[in-house]
Amino acid sequence: QVQLVESGGGLVQAGGSLKLSCAASGSIVSIATMGWYRQAPGKQRELVATITRGDSTNYATNVKGRFTISRDNAKKSVYLQMNSLKPEDTAVYYCNAHLLPMGSLSYRDFWGQGTQVTVSS
């Protein structure tokens, strides 16, 4: 089965940096879009950034200029470099992949387990 595993979360001070990683594994034919989403306590999950296989990117307004998303297709991985972190960035960050699994007729969304990012003031 397909799995996404995130890593790189932790506790940092405001203004600091952190890099998140996510690796997809399993029987995968192709990965279209990969992305990062986050969810703070009491709030809905929100989009942070996405990236297509052709490296077209999309960012939430409040992270644009501070965060950079990238991917390595050979490693089936996506990364999120987070700079100038703010306390309001504190959330559980989830990796997402829109991909075609082996044996499937359609692309499906898969999610990682989440990694905690805490930014202290």
Side-chain angles (χ1 to χ4, degrees):
Q1 288 81 20
V2 173
Q3 290 187 343
L4 301 179
V5 179
E6 302 105 329
S7 62
L11 174 64
V12 297
Q13 294 183 349
S17 297
L18 209 58
K19 187 174 183 178
L20 306 182
S21 300
C22 172
S25 63
S27 300
I28 299 168
V29 176
S30 180
I31 303 176
T33 301
M34 303 186 80
W36 291 94
Y37 295 72
R38 67 187 183 186
Q39 187 167 26
K43 298 188 66 178
Q44 290 186 297
R45 188 173 299 186
E46 65 177 6
L47 181 147
V48 177
T50 61
I51 183 168
T52 69
R53 187 173 181 86
D55 290 335
S56 178
T57 59
N58 182 49
Y59 295 92
T61 301
N62 55 2
V63 307
K64 191 174 298 183
R66 298 188 297 122
F67 292 6
T68 302
I69 189 169
S70 61
R71 65 189 284 173
D72 185 330
N73 292 327
K75 296 181 178 180
K76 293 182 286 187
S77 296
V78 63
Y79 310 93
L80 186 68
Q81 178 66 53
M82 303 184 292
N83 299 324
S84 302
L85 283 162
K86 304 174 181 179
E88 49 263 47
D89 294 318
T90 296
V92 177
Y93 283 69
Y94 296 91
C95 176
N96 170 266
H98 191 62
L99 57 83
L100 181 64
M102 284 282 191
S104 178
L105 296 176
S106 61
Y107 280 74
R108 300 178 183 275
D109 280 308
F110 290 84
W111 295 89
Q113 81 287 350
T115 185
Q116 178 70 48
V117 172
T118 303
V119 184
S120 62
S121 60

Self-check item: Contact summary for S17 and N83, nearest pair of heavy atoms
Solution: OG-OD1, 2.9 Å

Practice problem: Verify, without hydrogens or angle tests, whether T115 (side chain) and G9 (backbone) share a donor-acceptor contact under 3.5 angstrom. | Solution: yes

Quiz item: Got a sec, which pairs hit salt bridge (Lys or Arg N to Asp or Glu O under 4.0 Å) with one end in residues 92-111, sequence neighbours left out?
Solution: none

Quiz item: Tell me, do I28 and V2 make a side-chain contact under 4.5 Å, heavy atoms counted?
Solution: yes

Quiz prompt | Linked, directly or transitively: Y107 and V29 (ILVMFWY side chains, under 4.5 Å) | solution = yes

Quiz item: Does the side chain to side chain contact (heavy atoms under 4.5 Å, CB included) test come out yes or no for N96 and W36, once each step is laid out?
Solution: CA-CA 6 Å; N96 170 266; W36 291 94; over 6 Å; no

Quiz item: Which distance, rounded to the nearest 0.5 Å, do you find between the NE2 of H98 and the OG of S30?
Solution: 10.0 Å

Self-check item: Co-membership, hydrophobic cluster, residues M34 and V92, 4.5 Å side-chain
Solution: no

Result block: side-chain N/O donor-acceptor pairs under 3.5 angstrom for residues 59-71, not counting sequence neighbours:
{"residue": "Y59", "atom": "OH", "partner": "I69", "partner atom": "N", "Å": "2.9"}
{"residue": "R66", "atom": "NH1", "partner": "S84", "partner atom": "O", "Å": "3.0"}
{"residue": "R66", "atom": "NH1", "partner": "D89", "partner atom": "OD2", "Å": "2.8"}
{"residue": "R66", "atom": "NH2", "partner": "N62", "partner atom": "O", "Å": "2.8"}
{"residue": "R66", "atom": "NH2", "partner": "D89", "partner atom": "OD1", "Å": "3.1"}
{"residue": "R71", "atom": "NE", "partner": "N73", "partner atom": "OD1", "Å": "2.7"}
{"residue": "R71", "atom": "NH1", "partner": "A32", "partner atom": "O", "Å": "2.7"}
{"residue": "R71", "atom": "NH1", "partner": "I51", "partner atom": "O", "Å": "3.2"}
{"residue": "R71", "atom": "NH1", "partner": "T52", "partner atom": "O", "Å": "3.2"}
{"residue": "R71", "atom": "NH2", "partner": "I31", "partner atom": "O", "Å": "3.3"}
{"residue": "R71", "atom": "NH2", "partner": "N73", "partner atom": "OD1", "Å": "3.2"}

Exercise. May I ask whether L18 and V78 are part of the same hydrophobic cluster, defined by side-chain heavy atoms of I, L, V, M, F, W, Y residues being less than 4.5 angstrom apart, directly or through others?
Key: yes

Exercise. Verify the distance criterion only: is there a donor paired with an acceptor across the side chains of E6 and Q113 at less than 3.5 Å?
Key: yes

Quiz prompt | Heavy atoms of other groups near E46 CD, more than 12 under 6.0 Å | solution = yes

Exercise. Measure the shortest side-chain to side-chain distance between Y79 and K19 over non-hydrogen atoms and say whether it is less than 4.5 angstrom.
Key: yes

Quiz item: Any donor and acceptor pair, going by atom type alone, linking the side chain of T90 with main-chain N or O of V119 inside 3.5 Å?
Solution: yes

Quiz prompt | Rounded distance (nearest 0.5 Å) linking atom CE of M102 with atom CD of Q1 | solution = 14.0 Å

Self-check item: Criterion side chain to side chain contact (heavy atoms under 4.5 Å, CB included) on Y93 and M82, from CA distance to verdict
Solution: CA-CA 12 Å; Y93 283 69; M82 303 184 292; 3.9 Å; yes

Quiz item: Are S77 and D72 close enough that a side-chain donor and a side-chain acceptor fall under 3.5 Å?
Solution: no

Exercise. Would you give the length of the straight line joining atom OG of S21 to atom CD of Q81, rounded to the nearest 0.5 angstrom?
Key: 9.5 Å

Quiz item: Do S56 side-chain atoms and G54 backbone N/O form a donor-acceptor pair below 3.5 Å?
Solution: no

Self-check item: Hydrophobic cluster identity match, V5 and L80, side-chain contacts under 4.5 Å
Solution: no

Quiz item: Roughly how far, to the nearest 0.5 Å, is the CG atom of N58 from the CG atom of L47?
Solution: 6.0 Å

Self-check item: Sidechain-backbone polar pair: S104 side chain, P101 backbone, donor-acceptor under 3.5 Å
Solution: no

Quiz item: OG of S7 to CG of L20: how many Å apart, nearest 0.5 Å?
Solution: 8.0 Å

Quiz item: Should F110 and Y37 be regarded as members of a common hydrophobic cluster, given that ILVMFWY residues are connected when their side-chain heavy atoms come within less than 4.5 Å of each other, either directly or indirectly?
Solution: no

